[in-house]
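For reference, the structure is listed below as structure tokens.
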Amino acid sequence: MIPLKLPFWLSGPQLSKLRRACQHFWEQVETWLYWPVRQLDPLTCTPGALDLLAWQRGVQRFDGESMGLYRLRVRYAFVNARDAGSVAGLKRIFERLLIGYVEIEERLPDRDWDVIKLHLSDQQMADNPELLQIILRKYGRICRRYEFEVLTPLPIQLRSAHCGHDNGFLSASL
């Protein structure tokens, strides 16, 4: 809000109190006027307005979905729809919805042409089983079958050491 200023000849303790009261009142009016505009942001709007935005963007909340994830799905609905159907787009969708990194393989040798394999970690599969199905149903390629392959990271310790052996080559001639 722009700070209110009184002309210099209207100075004094009573007028400064009036200026502060007017400033406070107009700041309150400004918050009332900007409230509808703030309801258009899915990350900060009220749950009722969020449900309206979700209906407008074709997003339905599934059972057990957190409010934060629901807000992310509503926020990125248009961008996810644009990215749907491509490998790079599906990877971006997984990153936007905070699932994490995913590897995608298409046209696998010795497999049917319509099989797509998704490589996910065990933690990703355990945390988001229903969300993964919804993403693939809504943003995956039509007439394709998806398979999940679980990647389990294993910590490995590797030690290198110097081996002081000499190699030589001897040849014998007659």
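Every value quoted in this text rests on a predicted model; they were computed, and no experiment measured them.
- In the hydrophobic clustering of ILVMFWY residues, with side-chain heavy atoms under 4.5 Å counting as a link, Y139 and V79 come out apart.
- R96 meets the salt bridge (charged side-chain N to carboxylate O under 4.0 Å, His left out) test with D83; sequence neighbours excluded.
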Quiz item: Given E103 and K91, is the salt bridge (Lys or Arg N to Asp or Glu O under 4.0 Å) satisfied, shown in steps?
Solution: CA-CA 8 Å; E103 293 178 12; K91 287 181 181 181; over 6 Å; no
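- Taken together through direct or relayed side-chain contacts under 4.5 Å among Ile, Leu, Val, Met, Phe, Trp and Tyr, L72 and L52 form parts of separate hydrophobic clusters.
- For Q23, the side chain to side chain donor-acceptor pair (under 3.5 Å) partners at least two apart in sequence or on another chain are E27.
- Here the side chain of R71 pairs a donor or acceptor atom with the backbone of C45 at under 3.5 angstrom.
- Under a hydrophobic clustering in which Ile, Leu, Val, Met, Phe, Trp and Tyr are joined whenever their side-chain heavy atoms come within less than 4.5 Å, directly or via other members, F78 and I93 fall into different clusters.
- Residues in residues 72-81 take part in these salt bridge (Lys or Arg N to Asp or Glu O under 4.0 Å) pairs, two or more places apart or across chains: E65-R73.
- In this structure, R57 contributes its side chain and A77 its backbone to no donor-acceptor pair below 3.5 Å.
- For V115, the side-chain contact (heavy atoms from CB on, under 4.5 Å) partners two or more places apart in sequence, or in a different chain, are L108, R111, D112, R145, E147.
- Shown here are the side chain to side chain donor-acceptor pair (under 3.5 Å) partners of E95, two or more places apart in sequence or in another chain: there are none.
- Residues satisfying the side chain to side chain donor-acceptor pair (under 3.5 Å) test with Q39, not counting sequence neighbours, are T46.
- A search for salt bridge (charged side-chain N to carboxylate O under 4.0 Å, His left out) contacts involving E30 returns nothing, not counting sequence neighbours.
- Residue L151 is not grouped with residue I104 when hydrophobic side chains (ILVMFWY) are merged at heavy-atom distances under 4.5 angstrom, including chains of intermediate members.
- The side-chain hydrogen bond (donor to acceptor under 3.5 Å, both in side chains) contacts involving residues 123-134 comprise S121-Q124, Q123-D127, where partners must be two or more places apart or lie in separate chains.
- The CG atom of D51 sits 11.0 Å away from atom CD of Q60, with the distance rounded to the nearest 0.5 Å.
- Atoms CG and CZ, on L43 and R38 in that order, are 14.5 Å from each other to the nearest 0.5 Å.
- Annotation for I2: atom CD1 does not count as buried by contact number, only 12 or fewer foreign heavy atoms lying within 6.0 Å.
- Cluster membership for W26 and W35, using ILVMFWY side-chain heavy atoms within less than 4.5 angstrom, is not shared.
- Other residues sharing the hydrophobic cluster of L53, ordered by chain and number and joined by side-chain separations under 4.5 Å: L50, V59, M67, Y70, V74.
- Rounding to the nearest 0.5 Å places CG of L120 at 10.5 Å from OH of Y101.
- A distance of 5.0 Å separates CG of L97 from CD1 of I135, quoted to the nearest 0.5 Å.
- Annotation for W55: hydrophobic cluster partners, listed by chain and number, are none (ILVMFWY side-chain heavy atoms under 4.5 Å, direct or chained).
- Residues satisfying the salt bridge (charged side-chain N to carboxylate O under 4.0 Å, His left out) test with K117, not counting sequence neighbours, are E149.
- Expressed to the nearest 0.5 Å, how far CZ of R144 lies from CD1 of I116 amounts to 4.5 Å.
- For the pair F94/L131, no side-chain contact is recorded, criterion being any heavy-atom separation below 4.5 Å from C-beta on.
- Judged by distance alone, with hydrogens and angles left aside, the side-chain atoms of K138 form no donor-acceptor pair with the main-chain N or O of A81 at under 3.5 Å.
- Not a single salt bridge (charged side-chain N to carboxylate O under 4.0 Å, His left out) links R61 to another residue, sequence neighbours left out.
- Between L98 and L69, the closest side-chain pair of non-hydrogen atoms is not below 4.5 Å.
- L132 has its side chain out of reach of Y146: every pair of non-hydrogen atoms, C-beta onward, lies at least 4.5 Å apart.
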